[in-house]
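Just follow the structure's listing: the first ligand is 1, and inside any ligand the first atom is 1.
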Amino acid sequence: MYQVIARKYRPQSFDDILNQDHIKTTLRNAIAQNRIAHGYIFSGQRGTGKTTTARIIALCLNCEKGPTDKPCGVCASCIEIAAGGAVDVIEIDAASNRGINEMRELRENVRYQPARDRYKIFIIDEAHQITNEAFNALLKTIEEPPEWAVFILCTTESHKIPATIASRCQHFSFRSVDFHDLIGRMRQICTSEGVETDDETLAVLAQSGEGSVRDSLSALDQAIACCGNKLDAAQVRALLGAFGIDAMAQVTTALSAQDGGSMLALVGELERNGGSPQHFSRELSRYIRNLLVTKISGEDSRLVTASPAEKKELARIAGSFGEEDLTRYLQLSLDLFRDLQFSMQPRFHLEIGLLKMIQAGKLVPIEEALANLGSEPRAATPASAASRAASPVSAAPAPPRPSPFAAAQARPAPIASPPPPQSRPAAPAQVYAGPPSANDDWREKLQSGMLKAGLQFSADAMGQASAALVNNELLIAAPKQFQLDLGREEILAALKQIGHPTLRFKVVFGEVNPAAAAPAPRQVPKPVAQDESTGRALGHPEVQRFRELFGGEVRNVRNLKES
Ligand SMILES: Nc1ncnc2c1ncn2[C@@H]1O[C@H](COP(=O)(O)OP(=O)(O)O)[C@@H](O)[C@H]1O
Ligand SMILES: [Mg+2]
Ligand SMILES: [Zn+2]
């Protein structure tokens, strides 16, 4: 009968277990000194060797030649335990036996001596699933166990084990297995299975398990079933839905070029190939994270799980970005991943998320930005190029105009300054909701505004759309059929209702293509007091460039000469 690789190659001795050295040493010593505890908690990610280690303890304790840290593997006990059929090794899956009755049964069982072997070993898997009453029923037994009983509670969520139980057990936490050690193990397995493979393929398989040996070995099974005795990286990637660096590099290339169009084309291609936006965004975060780590720790960092060829490529790509850029992209990609978990419109979310990254642009060092401010209007900085390329709304830079105070005074006075704390707050004509925040749920806000404005259909349509604030501009994406319900009028009405009457916004429908999307007029936030000098100050090219570079709004304009 065919046995899956993970089971066929389940370690039968401490030596076979990868990593977890701290656990192996402690347990070996305990067995050698005959200081076996009655209760153990094994916690850690799935597929890292908890059940395996529990079974090895059973082998060590019950081997006819034991207790020993090197079970013989040939005696009746060893053979039965390895096959999972020993009467004195009781495995309980707490996911399905979690109630008080099961624990009472167990308590009864503990009282009787082992049938044949030295110890009775209870391995309780998924122990965090046990109910509270059931834990209480167990408590007494774990507190004063008969000399032959050993409990091993395995769990992925050790914090859910009640303190009363935990304090009576020794706790070991299993770490996720080292990438290179795992690759080494898989290489051995492939050799003994007669399967031909290479480093890159093994790296793909090892990565796919995300630290779980079992998952990586299952992926290996799957790959062999699909590709036969010769594994090929591209084929395996396709099988596992993994994205190679080449695929991911398209994103960074589009980021470098500030090219929204090719970013959207990428999403289109993903959808045509049946790829999942969620999966893609997770891979994207991983990719950007790897770029960032490579940037910080260098090409040879062990923190990046990739084959040598991939690491080289990562280093090359990371070279064209700054650390701050990558940090921002990583944050945005994680936001995107989080949003996608709940999204009804994953495609739009993915599109808007990738466009946001472009709009975040590359940072211009502040010195350069300030230096540029004093000079004549010049070619766009990458940051302003970013916002212009990606948002059709942004107007072309205004032509240079005379100094706003030229008429009033010879030398330009310092103009816009943030309001001093004691100055009177802005008193706009309408209820002004304060500066807009990117953390708000803008879809909900707009919906409520539309309801207030009596726009029921628009509010319904908004429920199917997504909205996010990027660089003080509201980006709204909606399916095509809502074009009529989500017109400019409707959104303006909603914004008015929620106290952001002058917020800039842009709506894209269906196939999102920023070049084709109808430009909405740029809306300048209304200044506080619309007197003449304010108008001139806001119209001044330097002020406009300041706002282009740094975003934000001008709240207050004071003419220093007058005050
Ligand atoms: N540390 C490890 N070293 C070697 N193989 C491991 C390790 N952890 C898991 N495995 C492999 O994964 C399979 C499942 O491991 P298991 O011990 O059941 O994981 P869990 O931590 O979820 O209980 C094992 O049969 C074994 O092949
Ligand atoms: Mg297990
Ligand atoms: Zn034995």
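A salt bridge links Asp178 to Arg302: one of the charged nitrogens lies within less than 4.0 Å of a carboxylate oxygen. Under 4.0 Å is where a charged nitrogen must lie from a carboxylate oxygen, and between Lys24 and Asp15 no such pair does. Look at Asp199 and Arg187 and you find a salt bridge, because one of the NZ, NE, NH1 or NH2 atoms lies within 4.0 Å of a carboxylate O, short of that distance. Note on Glu147 versus Arg118: no salt bridge recorded, every NZ/NE/NH1/NH2 to OD/OE distance being 4.0 Å or above. Salt-bridge annotation for Asp440 and Lys445: present, with a side-chain N of the basic residue lying under 4.0 Å from a carboxylate O of the acidic one. Here Arg237 pairs with Glu200 in a salt bridge; the nearest charged N to carboxylate O distance falls below 4.0 Å. A salt bridge does not link Glu102 with Arg107: none of the charged nitrogens is closer than 4.0 Å to a carboxylate oxygen. A salt bridge does not link Glu210 to Arg46: none of the charged side-chain nitrogens sits closer than 4.0 Å to a carboxylate oxygen. With respect to Glu157 and Lys160, a salt bridge is recorded, a charged nitrogen being found less than 4.0 Å from a carboxylate O. Comment: Glu323 does not engage Lys295 in a salt bridge, judged by the lack of any side-chain N to carboxylate O separation of less than 4.0 angstrom. Using a cut-off of 4.0 Å between Lys/Arg side-chain N and Asp/Glu carboxylate O, Glu299 and Lys312 are scored as not salt-bridged. Salt bridge status for Arg328 with Glu324: absent, with no side-chain N to carboxylate O gap under 4.0 Å.
Closest to atom 20 (P) of ligand 1 among all protein heavy atoms lies Gly47 N, 3.5 Å. When only non-hydrogen protein atoms are considered, atom 23 (O) of ligand 1 lies nearest to Thr51 OG1, 2.7 Å. Summary of contacts: the protein heavy atom closest to atom 11 (C) of ligand 1 is Val213 CG1, 3.6 Å. For atom 1 (N) of ligand 1, the nearest protein heavy atom (residue, atom name, distance) is Leu18 O, 3.1 Å. Looking from atom 14 (C) of ligand 1 to the surrounding protein, the closest heavy atom is Arg214 NE, 3.6 Å.
Among the atoms of Thr51, an N, O or S atom falls under 2.8 Å from the Mg ion (ligand 2).
Here the Zn ion (ligand 3) is the vertex; the SG atom in Cys75 and the SG atom in Cys63 give an angle of 120° (to 10°). One finds an angle of 120° at the Zn ion (ligand 3) between SG on Cys78 and SG on Cys72, to the nearest 10 degrees.
On a distance-only criterion, Asp125 and ligand 1 share no N/O pair closer than 3.5 Å. No N or O atom of Ile5 sits closer than 3.5 Å to an N or O atom of ligand 1. Residue Thr48 places at least one N or O, backbone or side chain, under 3.5 Å from an N or O of ligand 1. Looking at Arg7 next to ligand 1, no N or O pair under 3.5 Å apart turns up. At least one N/O-N/O distance between Thr52 and ligand 1 falls below 3.5 Å. Looking at Val177 next to ligand 1, no N or O pair under 3.5 Å apart turns up. The shortest N or O to N or O distance between Gly49 and ligand 1 is below 3.5 Å.
Not a single heavy atom of Cys154 lies less than 4.0 angstrom from ligand 1. Ligand 1 has Ile17 within reach: a non-hydrogen atom of the residue lies less than 4.0 Å from it. Contact annotation: Lys8 has no heavy atom less than 4.0 Å from any atom of ligand 1.
Numbered from 1 in the order shown, with element, the atoms of ligand 1 that lie under 4.0 Å from a heavy atom of Ala6 read 24 (C), 25 (O), 26 (C), 27 (O). For ligand 1, the atoms closer than 4.0 angstrom to any heavy atom of Pro11 are 4 (C), 5 (N), 26 (C). Atoms of ligand 1 found under 4.0 Å from any heavy atom of Arg46 (numbered from 1 in listed order, with element): 22 (O). Taking a cut-off of under 4.0 Å to the non-hydrogen atoms of Arg185, the atoms of ligand 1 that pass are 4 (C). Below 4.0 Å from some heavy atom of Leu217 lie the following atoms of ligand 1, by number and element: 27 (O).
Residue contacts with ligand 1 for Phe42 are absent, since no atom lies close enough (heavy atoms, distance under 4.0 Å).
Ring planes of Phe280 and Phe243: perpendicular class, angle over 60° (limits at 30 and 60°).
The local environment of CZ in Arg175 is sparse, with at most 12 non-hydrogen atoms from other residues, nucleotides or ligands closer than 6.0 Å.
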